[in-house]
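So you know, we letter chains A, B, ... as the sequences are listed, proteins then strands, and number each from 1.
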Amino acid sequence: MKDRIYVTDLKNHVGSSVTLYGWVAKARPTGKVAFITIRDGSGTCQCVLEKNETTESFFDVAKKLSQESSFTITGTPCLEERAPGGVEVRDITACNIIGESADYPITPKAHGVDFLMKQRHLWFRSQRQWHILRIRATIVDAIRQFFNGEGFKLIDTPIFAPAIGEGASTLFEVDYFDEQVFLAQTGQLYVEAACMAHDKVYCFGPTFRAEKSKTRRHLTEFWMVEPEMAFCEMDEVLELAENFVCSVVQRILKDNRDDIEAIGRDIASLEAIQKPFHRLRYADAVEMLHGPKAKELLENDLTEKTAEIEGLNNKITELEESGKTAKKQWQKEKAAQDIQTAREERTELEEQIANIPTHMKLAAEFQFGSDLGGSDETIISRLHDRPVFVTHYPREVKAFYMRVDRDDDRVVENFDLIAPQGYGEVIGGSMREENHDILLERIKAHSLPVENFEWYLDLRRYGSVPHGGFGLGVERTVAWLCGLKHIRETIPYPRMLGKIYP
RNA sequence: UCCUCGAUAGCUCAAUUGGUAGAGCGAGCGGCUGUUAACCGCUAGGUCGUAGGUUCGAAUCCUACUCGGGGAGCCA
């Protein structure tokens with residue numbers, strides 16, 4: 001397609017004839033003018049066909065262009081205020097259908113989640129999904145560029161793994177020539193070994209967790225980047241995480257501003273992601289959960305949300321009235337749709353309100369020694385204006401490899417990064433136990449089979465050094481930075497409990 | 001594994017609370033010279049998730065199951 005021009009380049013060809021190749025995003029044929037919106041992978045643009053002597057032959061072709069038909073069209077780009085995006089293609093001199101499309105399932109109206117998920121292979125043609133996956137692509141590239149730029153070596157870790165990792169209960173079992181192996185849930189232990197060869201390393205790939213979680217934060221297959229550094233201390237790992245997250249945010253603000261705006265993500269709250277992030281010890285987080293501020297936050301939530309529901313109820317009543325008195329059919333339709341939206345909002349608010357007492361109870365009765373729950377994380381993140389590092393968790397709730405704090409052996413030198421606005425944990429990291437005897441003791445304390453960890457213990461036998469790192473979940477990061485309610489939109493083909501098609 | 005909500009036309013939802021199953025979108029046909037989820041008219045489209053039960057009568061009530069949403073636990 002030597003003569004092909006992309007929609008994004010149209011502004012450089014104003015006034016001269018070009019040929020576009022793409023799909024029909026929208027078609028609105030009228031009596032003598034047809035509006036066809038082309039989608040070509042780079043963007044969308046409106047094409048306008050007016051019926052006259054020269055266009056007679058293909059005007060009928062254009063009128064037959066159904067949603068998602070592939071076609072080529074030749075015409076002249078012009079600046080036009082009435083067109084979405086300000087540019088449209090006019091004076092059409094050719095229009096040919098390449099592949100027809102009949103009864104495309106995803107129509108321009110509302111669809112339910114279950115339906116869209118079954119159409120995922122088509123769904124990501126839709127505008128919003130398209131923007132999200134573009135942002136994901138930038139985030140993935142920003143991750144690689146950051147670590148490569150900081151002198152980290154990429155180390156690819158295996159996906160087939162023996163039963164090592166953070167917990168055996170969440171592993172996917174695979175038959176490996178009659179031997180039982182598992183899909184990797186982390187590359188960390190392998191990357192630690194490579195760290196002793198290259199000093200600064202990272203792995204980046206898919207990981208698998210057989211958690212039977214049906215929530216908006218969980219996938220069974222997700223991507224994780226895990227850097228590891230030798231000869232470092234906890235502060236340096238925190239700084240690395242901070243710089244890393246900020247660089248990813250800066251990158252999408254630079255490269256994907258249009259996409260961010262198109263999906264309605266608030267730019268200001270992304271610009272507010274600046275270092276230093278807050279640092280909060282677990283013990284202080286517990287205090288905070290018990291304190292008056294947490295209680296106040298939830299009480300305010302309760303009054304605010306109750307008021308919102310009151311407002312929605314009034315709105316629904318009004319809409320029902322206006323729906324009854326409306327004369328035009330479309331006015332009734334509009335009212336019905338608004339009622340539906342308001343009802344959905346109300347249901348969600350009611351659910352949130354119902355959960356508040358539980359969350360208050362959980363926070364107030366939180367005991368030193370247990371892990372922070374989802375609601376606790378949300379409270380902590382909302383009491384801060386930036387991402388928060390929560391550090392030094394009790395050793396009992398954390399993995400065996402985390403370094404025991406030499407000043408307080410009840411806790412380990414670890415951290416979670418909690419994203420603002422309730423997006424939850426996006427990073428989990430720690431210093432790794434470098435002392436052979438303590439590590440061996442902890443492997444035994446976790447009832448893990450020591451023989452599987454001989455190679456890992458070797459790292460402590462042959463020139464052990466203080467080292468640490470973290471793992472960042474790509475999809476949770478995409479959800480946070482895009483402001484998405486659900487993680488399933490952050491990855492082209494989400495794998496979740498009970499979902500494997502397409 | 002547990003709690004909770006749901007399943008009605010291809011899609012999104014109604015059905016006055018147990019009494020003849022309805023609307024919009026989409027599809028088909030016709031009309032319209034500037035549309036932005038276009039608009040106007042007409043047409044077709046249903047075993048109310050499955051299996052039982054209660055009842056003169058069930059989309060509506062009861063039981064079980066299947067599938068899906070949200071959440072807990074666990075986690076990135």
Rounded to whole Å, please give me the gap between [atom1] in [X] and [atom2] in [N].
X: A:W480; N: B:C75; atom1: CH2; atom2: P; value: 21 Å
X: A:I487; N: B:G71; atom1: CD1; atom2: P; value: 12 Å
X: A:M402; N: B:C75; atom1: CE; atom2: C1'; value: 12 Å
X: A:D114; N: B:C13; atom1: CG; atom2: C1'; value: 16 Å
X: A:R90; N: B:U35; atom1: CZ; atom2: P; value: 14 Å
X: A:N355; N: B:C5; atom1: CG; atom2: C1'; value: 13 Å
X: A:I356; N: B:G70; atom1: CD1; atom2: P; value: 20 Å
X: A:L171; N: B:C75; atom1: CG; atom2: P; value: 13 Å

**Qualifying residues under side-chain contact (heavy atoms from CB on, under 4.5 Å), relative to A:R386, sequence neighbours excluded** =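 With sequence neighbours excluded, A:R386 shows a side-chain contact (heavy atoms from CB on, under 4.5 Å) to A:Q274, A:P276, A:H278, given in chain and number order.
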
Can you figure out which of [options] approaches the side chain of [X] most closely?
X: A:R488; options: B:U12, B:G69, B:G34; value: B:G69
X: A:Q46; options: B:A76, B:U35, B:U33; value: B:U35
X: A:R28; options: B:U35, B:G71, B:C75; value: B:U35
X: A:K26; options: B:U33, B:A37, B:A76; value: B:A37
X: A:E50; options: B:U33, B:G71, B:U35; value: B:U33

Could you tell me whether the phosphate oxygens of [N], OP1 or OP2, come under 4.0 Å of any side-chain nitrogen or oxygen in [X]?
X: A:H486; N: B:G70; value: yes
X: A:R217; N: B:G73; value: no
X: A:R216; N: B:G71; value: yes
X: A:K214; N: B:C67; value: no

**Message:** Using ring centroids (six-membered ring only for Trp), state whether A:Y393 and A:F415 fall under 6.0 Å.
**Reply:**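 Not close enough - the centres of the two rings lie 6.0 Å or further apart.
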
**Message:** Before we go on, tell me: are the rings of A:F172 and A:F208 under 6.0 Å apart, centre to centre?
**Reply:**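 They do not qualify: ring centres at least 6.0 Å apart.
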
Rounding to the closest angstrom, what is the interatomic distance between [N] and [M] at atom [atom1]?
N: B:C2; M: B:U55; atom1: C1'; result: 35 Å
N: B:G70; M: B:A51; atom1: C1'; result: 27 Å
N: B:G49; M: B:A9; atom1: C1'; result: 15 Å
N: B:C32; M: B:G41; atom1: P; result: 16 Å
N: B:C62; M: B:C29; atom1: P; result: 46 Å
N: B:U50; M: B:U66; atom1: C1'; result: 7 Å
N: B:C61; M: B:U8; atom1: P; result: 15 Å
N: B:A15; M: B:A7; atom1: C1'; result: 16 Å

Electrostatic pair [X]:[Y] at N-O distance under 4.0 angstrom:
X: A:E242; Y: A:K275; answer: no
X: A:D259; Y: A:R128; answer: no
X: A:R136; Y: A:D141; answer: no
X: A:E425; Y: A:R217; answer: no

**Request:** Decide, applying a 5.5 Å centre-distance limit and a 30° plane-angle limit (both strict), whether A:F222 stacks on B:A76.
**Result:**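 So A:F222 counts as stacking on the base.
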
**Message:** Rounded to the nearest 0.5 Å, what separates atom CG in A:D91 from atom OG1 in A:T76?
**Reply:**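 Here the interatomic distance stands at 5.0 Å.
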
Go through the N and O atoms of the side chain of [X] and the base of [N], and report whether any donor-acceptor pair is under 3.5 Å.
X: A:R476; N: B:C75; answer: yes
X: A:Q352; N: B:G70; answer: no
X: A:H111; N: B:C11; answer: no
X: A:T107; N: B:G10; answer: no

Categorize [X] for me: base, sugar-phosphate, or nothing, with a 4.0 angstrom heavy-atom threshold over every strand shown.
X: A:K485; result: nothing
X: A:D371; result: sugar-phosphate
X: A:E475; result: nothing
X: A:L219; result: base

**Message:** Heavy-atom nearest nucleotide on RNA chain B for A:E425 versus A:Y104: which residue maps closer to 5'?
**Reply:**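 Residue closer to the 5' terminus by nearest nucleotide: A:Y104.
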
**Request:** Could you pick out which residue, A:E81 or A:F115, lies toward the 5' side of RNA chain B when each is mapped onto its nearest nucleotide?
**Result:**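 Here A:F115 is the residue nearer the 5' end.
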
**Prompt:** For B:U17, is chi within 90° of 0 (syn) or not (anti)?
**Reply:**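 You should classify B:U17 as syn.
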
**Prompt:** Have A:S101 and A:Q67 got a donor and an acceptor in their side chains that come within less than 3.5 Å?
**Reply:**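 No, no side-chain donor-acceptor pair sits under 3.5 Å.
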
**Request:** Tell me the stems RNA chain B sits in, counting at least three consecutive Watson-Crick or G-U wobble pairs, each under 3.5 Å on both distances.
**Result:**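 As far as RNA chain B goes, consecutive pairing (with distances under 3.5 Å) yields the stems B:1-7 with B:66-72, B:10-13 with B:22-25, B:27-31 with B:39-43, B:49-53 with B:61-65.
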
**Item:** A:E88 side-chain N/O to A:Q46 backbone N/O, donor-acceptor pair under 3.5 Å
**Value:**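 Checking the backbone N and O of A:Q46 against the side chain of A:E88, no donor-acceptor pair under 3.5 Å is found.
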
